[in-house]
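These figures come from a predicted structure and were not determined experimentally. We name chains A, B, ... by the order of the sequence lines, and we start the count at 1 in each one. The basis for the numbers below is simple: all heavy atoms, side chains too, and nothing from hydrogens, waters or symmetry mates.
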2 protein chains.
Amino acid sequence: MENYQIDNLDKQILNALMANARTPYAELAKRFAVSAGTIHVRIEKMKQANIITGTQVSINAKQLGYDVCCFIGINLNNARDYPDTLLHLKELEEVVEAYYTTGNYSIFIKVMARSIDHLQDVLINKIQAIEAIQSTETLISLQNPISRAVVP
Amino acid sequence: MENYQIDNLDKQILNALMANARTPYAELAKRFAVSAGTIHVRIEKMKQANIITGTQVSINAKQLGYDVCCFIGINLNNARDYPDTLLHLKELEEVVEAYYTTGNYSIFIKVMARSIDHLQDVLINKIQAIEAIQSTETLISLQNPISRAVVP
DNA sequence: TATGAAAGACCGCTCCC
DNA sequence: GGGAGCGGTCTTTCATA
């Protein structure tokens, strides 16, 4: 369940599945010159080892009307307000990622919004409305030129 | 190919597929009280409309030995160095995301590393070695309590 | 035009080698 | 790790409203 040292074949399978989770086993088998049964065993092992945690469709947020992507660094009045602030942030569907960080900010979040107006509304009326938040800094993303997973 | 206004059923399908891209059509059909054919038609349309762009497995970076996640804000000597710097960053497999941003930093990147030592090596010997980079600020993520997609 | 039902092809799972 | 058969799923087609 815990540890499994992956080998080269596993890496190749992972890379293929990260590009397309529905690649047929037979195709993977052909591509890597092994049998489909082997592919199945390897994938099953990686699922057991919690390396593969699931599958998901990639969706294009822009096509759904979410044009604006930004990061917001949050400073709290007190570090102990963290759990409570997190609960508030979780309720905001525009907040898609949150990180508890060392450095300039206490919490660092990624926000997706439909427009600059929408972002402004979220920032002022929802995020900055949270009492524990002392100040915020916004970084608007104009472009996302790199987006990939770790290479095993 | 371009625009397609999604309805409530599409949203439900999307949400289900974001949790599990391999959910059988028959199960979606049962869950949403329509036929499997309808599910198929809707998914096909969303693919055509470029809303669904693909499928991918979710992998657990920690199980692959990548324990450290951090964000690095980069300041450039000159804004015009951006394209060149990006090319350098692309070559570093530890750099998994990059954003061109307005605000405090020119470029904002997400880095995955195997350890603090590894991160230090990447930061000093690879990132700060890029000539166009003037200064960097590192935010180490201790926790990632929210990670989800936009809700359509 | 979109839905619903059925048939065929394909894929993944399991067993045995 | 490789190969074959079974069961299930996806895709396609056609009829219908």
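Atom CG in B:Asn8 sits about 17 Å away from atom C1' in C:dA2, given to the nearest Å. The distance between atom CD of B:Gln48 and atom P of D:dT11, rounded to the nearest whole Å, is 13 Å.
Evaluation of the salt bridge (Lys or Arg N to Asp or Glu O under 4.0 Å) rule for B:Lys11 yields no partner, not counting sequence neighbours. Looking at residues two or more places apart in sequence or on another chain, you find no side-chain contact (heavy atoms from CB on, under 4.5 Å) involving A:Glu131. Scanning for side-chain contact (heavy atoms from CB on, under 4.5 Å) contacts around A:Ile116 gives A:Val68, A:Ile140, with sequence neighbours left out. With sequence neighbours left out, A:Arg31 forms a salt bridge (Lys or Arg N to Asp or Glu O under 4.0 Å) with A:Glu27. For B:Asp67, the side-chain contact (heavy atoms from CB on, under 4.5 Å) partners at least two apart in sequence or on another chain are B:Lys62. Residues passing the salt bridge (Lys or Arg N to Asp or Glu O under 4.0 Å) test with A:Lys126, sequence neighbours excluded: A:Glu94. Applying the side-chain contact (heavy atoms from CB on, under 4.5 Å) rule to A:His88 yields the partners A:Asp84, A:Ile130; only residues at least two apart in sequence or on another chain are considered.
The two residues A:Cys69 and B:Tyr99 have their closest heavy-atom pair at SG-CE2, 4.3 Å.
Contacts with DNA chain C (heavy atom under 4.0 Å) in residues 16-44 of chain B: B:Arg22, B:Val34, B:Ser35, B:Thr38, B:Arg42, listed by number.
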Contact list (N/O, under 3.5 angstrom) for nucleotides 14-17 of chain D vs protein:
none

Collect all protein-nucleotide pairs involving nucleotides 15-17 of chain C in which both atoms are nitrogen or oxygen and the distance is under 3.5 Å.
none

Only pairs under 3.5 Å count here: list side-chain donor-acceptor contacts from residues 34-43 of chain B, not counting sequence neighbours, and write none if there are none.
| unit_1 | atom_1 | unit_2 | atom_2 | d |
| --- | --- | --- | --- | --- |
| B:Ser35 | OG | B:Gly37 | N | 3.4 |
| B:Ser35 | OG | B:Thr38 | N | 3.2 |
| B:Ser35 | OG | B:Thr38 | OG1 | 3.1 |
| B:Arg42 | NH1 | B:Asp7 | OD1 | 2.9 |
| B:Arg42 | NH1 | B:Asp7 | OD2 | 3.0 |
| B:Arg42 | NH1 | B:Asp10 | OD1 | 3.1 |
| B:Arg42 | NH1 | B:Asp10 | OD2 | 3.2 |
| B:Arg42 | NH2 | B:Asp7 | OD2 | 3.2 |

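Counting only residues at least two apart or in different chains, side-chain hydrogen bond (donor to acceptor under 3.5 Å, both in side chains) contacts with residues 143-152 of chain B comprise A:Tyr82-B:Gln143.
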